[in-house]
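Heads up, the thing below is written out as structure tokens.
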Number of protein chains: 2
Amino acid sequence: MLETRKVHSHVVAEELEEEIIAGIIPAGSRLDETSIAERFGISRTPVREALHILCGRSLAERVPYKGVLVVQISAERIDQMFEAMAEMEATCGRLSSQRMTMSERAELERLHQQMNALAEAGDHGGYDTANAAFHELLFQGSHNSDLAAIAQALRVKLAPFRKYQLKDTGRLKRSCIEHQQIVDAILDQDGRAAETALRRHLVSAAQEVLIRRQIQDSATSKPTFSPA
Amino acid sequence: MLETRKVHSHVVAEELEEEIIAGIIPAGSRLDETSIAERFGISRTPVREALHILCGRSLAERVPYKGVLVVQISAERIDQMFEAMAEMEATCGRLSSQRMTMSERAELERLHQQMNALAEAGDHGGYDTANAAFHELLFQGSHNSDLAAIAQALRVKLAPFRKYQLKDTGRLKRSCIEHQQIVDAILDQDGRAAETALRRHLVSAAQEVLIRRQIQDSATSKPTFSPA
DNA sequence: TGCAGCTGCGTCGTATACAATACTCACAGC
DNA sequence: GCTGTGAGTATTGTATACGACGCAGCTGCA
């Protein structure tokens, strides 16, 4: 995580990534090199680099002589992504329960307790940040950089859809209860329990997001983005 | 899988990828834009695009104002990749056992029988090709495109190391026996058995490759590539 | 002798110009 | 009225030039 901010292409890539994740740039839309270049006040060259970076992160796809398209993700696909995420987290959790160092376990519990407090306070922003750290620690705890990287990449890809999550205290409380089971399983070195707890945790999160999306979709009655 | 061969950057990216996978370009070495451009008789621009593609596939890393380095993959890292592969295949296998359509199951068994014949004939090339199809079918059978894509990508990344596999009939026979258990479990819709069989199958394959590598490494006594 | 700063060189990052390709739309022929 | 073909336009891919940065080696001073 070196600071490489001075490089235009990275700045543009991060900015665009955030906008895609935030939904400001809708899925399926085309990323026009010229207009992006004009918007950032730079030439097309660094923009092209940025677009390549996005493609590398599977947030967009490049079609030769046609352009770069923000990946189109159907509701069914989101469902699949959550399932994949659940499986990855379950696997990482099982391995973590067996392999985490004492300091990692301590950090996990510390984070969990901090999140309990944040949930109690109703601090959604703080909670979500801590939550990201919680799950990343879980990935790292597997002590398998490939699994961790895959899980993290999936989490990023799912980020755009998490924003549909409810902003009520109930969600945080439920999340905390589920996290408790996860933490317990890991501290007890019970791989199977960790796996089960994580799978349930992700399934419930997915359900929430998917249901939320259905509500929003039917409300705005979005006519399935104009093809091309 | 559209043909995009006419684009220089893709041609260069594929060529470089093959050379990295084949070990012609050693891990840790720097990919100089100018020399690569000269070698292919093109300008630096498409070379840069190619290098971005390689970075996107995690085959290289870019350091601003310093260059692109071919990722260093240690023996420990290979071990981790095999473990990740095992977990992915186990997961896909479990899902496949529950979700495969009748035609998919039929195709799986057909492939397996064909591979038995190839193993009997000692046709390593044919066997490895069929084997790739076998495992890809397993991924597809999970009916989760994300899991399938992740598993497939991992398989590609591991490809460089499979070439160390022994070329004896014993390996094919052992593989067939293990495949038999996988096929049985899936046809019986026994998720747990499929998971277990696949994990064992991958672990044994990994062991073989890793042992093989140790032999080769000690023979050539490679002095852990010069750092930067 | 040792080191701090400078300088020159190599490489990367960016800007701009040009070539190649795909899409649009109008028009001719049926 | 419909379809196929063609030129025109817009956008991407590539080449080249130039500025920015990192590094190595040298010089000058303490």
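What you are looking at is a predicted structure, and each value in this text was computed from that prediction instead of being measured. In what follows, chains carry the letters A, B, and so on, assigned in the order in which the sequence lines appear, proteins first and then strands, with residues in each chain numbered from 1.
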query = What one-letter contact string describes nucleotides 6-17 of chain D from 5' to 3', where B marks a base within less than 4.0 Å of any protein heavy atom, S marks contact via sugar-phosphate atoms alone, and - marks no contact?
reply = -----SBBBBB-
key: Spacing of A/Ile53 atom CD1 and B/Arg62 atom CZ [to the nearest 0.5 Å]   = 8.0 Å
ask   = Does the distance from a Lys or Arg side-chain N to an Asp or Glu carboxylate O, for A/Asp32 and A/Arg44, drop under 4.0 Å?
value = no
query = Do other residues, nucleotides or ligands put more than 12 heavy atoms under 6.0 Å from B/Glu15 CD?
reply = yes
B/Asp128 versus B/His124, side-chain donor and acceptor atoms under 3.5 Å = no
inquiry  = One pair to check against salt bridge (charged side-chain N to carboxylate O under 4.0 Å, His left out): B/Glu19 and B/Arg39. What are the steps and the verdict?
reply    = CA-CA 14 Å; B/Glu19 294 185 6; B/Arg39 178 186 145 192; 2.5 Å; yes
message = Measure NE2/A/His52 against P/C/dC12 and give the value in whole Å, please.
response = 17 Å
